[in-house]
Amino acid sequence: MRICPTCDKPLVALEYRNVEVDWCPACRGIWMDRGELGVLLRGDPAADALIPLSVGARSPRRCPACGDWMREARAQQAPITLDVCPHDHGWWFDEGEVKAVTRTIADDRALAQLTDFYESLFGHPGT
């Protein structure tokens, strides 16, 4: 079982389009293993590379996959800072950050599908 890097609560596995993401019902953050966002948006794990990141200082959060300290990474095309595993295990998105990032790389159809998914699970478009 993976633990939320923000609030230390258990993460809940959710499946969408054959991709399993981990969601925290307490703080509403989302953990995505490397490649999952690319699969959701473009059907290709390599599409993660379409989100250029500037990696910076050590994050106060630990990776849910390996337990190592994550790094803060600024998304160059979206006004957010993500937490990324230094061993390339995945990315932590605080509430609302997935939507901000997907707007930068998704076509309108993929964005509409993801927005419907977020709203059906989380009850509002903020995630």
Side-chain angles (χ1 to χ4, degrees):
M1 173 179 296
R2 291 184 171 171
I3 301 298
C4 176
T6 300
C7 66
D8 296 323
K9 305 286 186 203
L11 295 174
V12 176
L14 303 173
E15 188 173 320
Y16 176 65
R17 292 173 48 187
N18 298 319
V19 175
E20 186 178 286
V21 298
D22 299 294
W23 176 65
C24 180
C27 71
R28 303 173 68 85
I30 295 175
W31 171 259
M32 288 193 187
D33 293 320
R34 194 64 153 154
E36 289 179 340
L37 185 60
V39 170
L40 289 174
L41 296 176
R42 299 280 173 99
D44 181 3
D48 277 0
L50 296 173
I51 304 171
L53 298 174
S54 298
V55 179
R58 187 182 93 171
S59 167
R61 299 171 174 164
R62 292 186 177 269
C63 173
C66 70
D68 201 357
W69 292 106
M70 290 192 281
R71 307 288 291 181
E72 293 180 346
R74 181 93 174 131
Q76 295 174 8
Q77 296 173 322
I80 61 170
T81 299
L82 305 173
D83 298 285
V84 297
C85 175
H87 306 292
D88 214 23
H89 290 130
W91 309 4
W92 177 255
F93 297 87
D94 291 322
E95 182 178 7
E97 291 179 340
V98 171
K99 190 170 184 181
V101 169
T102 57
R103 284 183 178 155
T104 68
I105 65 169
D107 60 36
D108 289 339
R109 187 174 61 75
L111 181 58
Q113 289 174 347
L114 281 174
T115 298
D116 289 345
F117 170 65
Y118 299 146
E119 290 176 0
S120 70
L121 288 176
F122 311 126
H124 63 84
T127 308

ask   = Who are the salt bridge (charged side-chain N to carboxylate O under 4.0 Å, His left out) partners of Arg58, not counting sequence neighbours?
value = none

ask   = With the 4.5 Å side-chain cut-off for hydrophobic clustering, are Val21 and Trp23 part of the same group?
value = yes

inquiry  = How close do Arg2 and Pro64 get, counting heavy atoms only, and between which atoms?
reply    = CG-O, 3.7 Å

key: Partner residues of Arg61 under the salt bridge (charged side-chain N to carboxylate O under 4.0 Å, His left out) criterion, sequence neighbours left out   = Asp83, Asp94

Trp31 vs Cys63, side-chain contact (heavy atoms from CB on, under 4.5 Å): CA-CA, chis, key distance, verdict = CA-CA 9 Å; Trp31 171 259; Cys63 173; 3.7 Å; yes

remark   = salt bridge (charged side-chain N to carboxylate O under 4.0 Å, His left out) filter on Arg34, not counting sequence neighbours, yields Asp48, Asp88

task = Not counting sequence neighbours, list each pair that qualifies as a ring pair (Phe, Tyr, Trp, His ring centres under 6.0 Å) and has a residue in residues 79-102.
result = Trp91-Phe93

message = If you compare all heavy atoms of Pro10 against all heavy atoms of Pro25, which two are closest, and at what distance to 0.1 Å?
response = O-CD, 4.0 Å

task = Check the pair Arg74, Thr81 against side-chain contact (heavy atoms from CB on, under 4.5 Å), reporting the backbone distance first and the verdict last.
result = CA-CA 4 Å; Arg74 181 93 174 131; Thr81 299; 3.7 Å; yes

message = Assigning hydrophobic clusters by single linkage (Ile, Leu, Val, Met, Phe, Trp, Tyr; side-chain heavy-atom cutoff under 4.5 Å), is Met70 placed with Ile3?
response = no

remark   = Note: Ala75 and Leu53 closest approach over all heavy atoms is CA-CD2, 3.7 Å

key: Cluster overlap Leu11 with Leu14, hydrophobic side-chain contacts below 4.5 Å   = no

ask   = Do Arg62 and Pro5 touch side chain to side chain, with heavy atoms closer than 4.5 Å?
value = no

ask   = What residues, two or more places apart in sequence or in another chain, satisfy salt bridge (charged side-chain N to carboxylate O under 4.0 Å, His left out) together with Asp44?
value = none

query = Linking Ile, Leu, Val, Met, Phe, Trp and Tyr by side-chain heavy atoms under 4.5 Å, what else ends up with Trp69?
reply = none

